[in-house]
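Just so it is clear: chains get the letters A, B, ... in the order the sequence lines come, proteins before strands, and each one is counted from 1. Heavy atoms only: backbone and side chains are in, while hydrogens, waters and symmetry mates are out.
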Number of protein chains: 2
Amino acid sequence: METINAVAALAALAQENRLEIFRLLVQAGPEGMAAGQVAEQLGLAPNTLTFHFDRLRFAGLVTVRRDGRSMIYAARFSAMNELVAFLTENCCQGAPEQCAPAAVCKPKGVAHEAVSRARRR
Amino acid sequence: METINAVAALAALAQENRLEIFRLLVQAGPEGMAAGQVAEQLGLAPNTLTFHFDRLRFAGLVTVRRDGRSMIYAARFSAMNELVAFLTENCCQGAPEQCAPAAVCKPKGVAHEAVSRARRR
DNA sequence: TCCACATTTCAACGAATATGGAAATGTCTT
DNA sequence: AAGACATTTCCATATTCGTTGAAATGTGGA
């Protein structure tokens, strides 16, 4: 992961509403959630939610697909793991044995997800 | 970790220069680095650097101590691990077995560092 | 087609952020 | 005490960000 991408991801998460949105999606798992469900759970206006979803999407943190009238958003776990790996890269110059980058959340079926899927609509 | 603290930490890291500063400190390990060394390696003006260090410090991501004329900044690994744990909390409702929060960087001697040390000068 | 529903787009506003220059503070050496 | 060095504080400025309201788009059912 490049610094610029990490900054984008961190900036996307550095906002109370977006962080809660993302955590909700992380908890929802690879299936994702409809925008309306998220709006209901967090009490956000639909246009505000769209704004935040866009941020998360451009940062590569979520994907979207349409299901009837609803848009289903899902966390992109590979991006989250890459971000964590980037933060801890070469930690302590690798000196202490306990210090090693590691993926923290790998739900089945998304571990090797293609990056090109990140920004699709 | 509370949402508000996570947002503060993420916001602190969501800036190119600060992210590089933090990564430098993570790589430096618990010993830390003098502000001047960081300034030299990243080519930042001293006042700008102070501004960014303050951000990182208020977010609980780094600590400082004085050593002669120099200020030695060090990454607070426990904060980093808490942040990662917060992001991945209850991932996929705990369903997939591979999905579990985990500390990613635990250099010796700082694993159980007291939180009260986070904001000292 | 007409209507209801789900979400997005557009325009506008106040608040927060990053950076620069100049001056001040604290520390060491002589 | 004086000067050099390391870092911090203060002030000003241009840019970015989050939210709101109103209107538009796309989808499914009667």
Side-chain angles (χ1 to χ4, degrees), chain A residues 3-25 28 31-59 61-74 119-121, chain B residues 3-25 28 31-59 61-74 119-121:
Chain A
T3 295
I4 189 173
N5 298 323
V7 168
L10 290 163
L13 296 174
Q15 207 279 330
E16 193 168 344
N17 291 329
R18 278 198 298 272
L19 181 54
E20 287 309 316
I21 292 169
F22 184 73
R23 273 167 36 94
L24 212 51
L25 294 181
E31 295 293 304
M33 286 177 68
Q37 287 181 284
V38 176
E40 190 180 4
Q41 287 216 24
L42 301 181
L44 295 173
N47 55 347
T48 297
L49 197 53
T50 295
F51 172 79
H52 290 309
F53 274 139
D54 279 353
R55 290 285 165 118
L56 291 169
R57 198 158 50 79
F58 283 128
L61 288 169
V62 307
T63 56
V64 212
R65 63 189 150 92
R66 179 179 280 280
D67 179 24
R69 309 183 196 183
S70 298
M71 301 298 269
I72 311 291
Y73 286 86
R119 299 192 181 176
R120 73 173 186 187
R121 282 183 175 267
Chain B
T3 295
I4 189 172
N5 298 324
V7 168
L10 291 163
L13 296 174
Q15 207 280 329
E16 193 168 344
N17 291 330
R18 277 198 298 272
L19 182 55
E20 287 309 315
I21 292 169
F22 184 73
R23 275 169 33 97
L24 213 50
L25 295 180
E31 294 294 302
M33 284 176 70
Q37 286 182 285
V38 176
E40 189 180 6
Q41 287 216 24
L42 299 182
L44 295 173
N47 55 347
T48 298
L49 197 53
T50 295
F51 172 79
H52 290 310
F53 275 139
D54 280 353
R55 290 288 165 116
L56 291 170
R57 197 158 50 78
F58 283 127
L61 288 170
V62 307
T63 56
V64 211
R65 63 191 150 90
R66 179 179 280 281
D67 179 24
R69 309 183 195 181
S70 297
M71 301 299 269
I72 311 291
Y73 287 86
R119 300 192 181 178
R120 73 173 184 188
R121 282 181 175 269

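- Here Q37(B) does not reach the OP1 or OP2 of dA6(D): none of its side-chain N or O atoms lies under 4.0 Å away.
- Proximity of R66(A) to the phosphate of dG26(D): no side-chain N or O atom is located under 4.0 Å from OP1 or OP2.
- Between dT8(C) and Y73(A), a contact under 4.0 Å exists linking OP1 or OP2 to a side-chain N or O.
- Contacts between residues 41-53 of chain A and DNA chain D, defined by a heavy-atom separation under 4.0 Å, are made by N47(A), T48(A), F51(A), H52(A).
- A distance-only check finds no donor-acceptor pair linking the side chain of Q41(A) to the backbone of V38(A) [under 3.5 Å].
- Looking only at distances, a side-chain donor or acceptor of R18(B) sits under 3.5 Å from a matching main-chain atom of A12(B).
- Between the side chains of E20(A) and T3(B), a donor-acceptor pair is found at a separation under 3.5 Å.
- Of the candidates dG18(D), dT7(D), dA6(C), dA6(C) carries the atom nearest the S70(A) side chain, counting heavy atoms from C-beta on.
- With rounding to the nearest 0.5 angstrom, the CZ atom of F51(B) is 10.5 Å from the CG atom of N17(B).
- Place G68(B) and A34(A) on DNA chain C by their nearest nucleotides, and A34(A) ends up nearer the 5' end.
- Atom-to-atom distance recorded for I21(A):CD1 and L49(A):CG is 5.0 Å, nearest 0.5 angstrom.
- Dashed line: the shortest gap from a side-chain N or O of R18(B) to OP1 or OP2 of dA18(C) is under 4.0 Å.
- Listed nucleotides dT7(C), dT8(C), dT7(D) differ in distance to A35(B); the shortest reach to its side chain belongs to dT7(D).
- In this structure, of dT19(C), dG28(D), dA18(C), it is dG28(D) that holds the atom nearest to the side chain of R69(A).
- Atom CZ of R57(B) is separated from atom NE2 of H52(B) by 14.5 Å, given to the nearest 0.5 angstrom.
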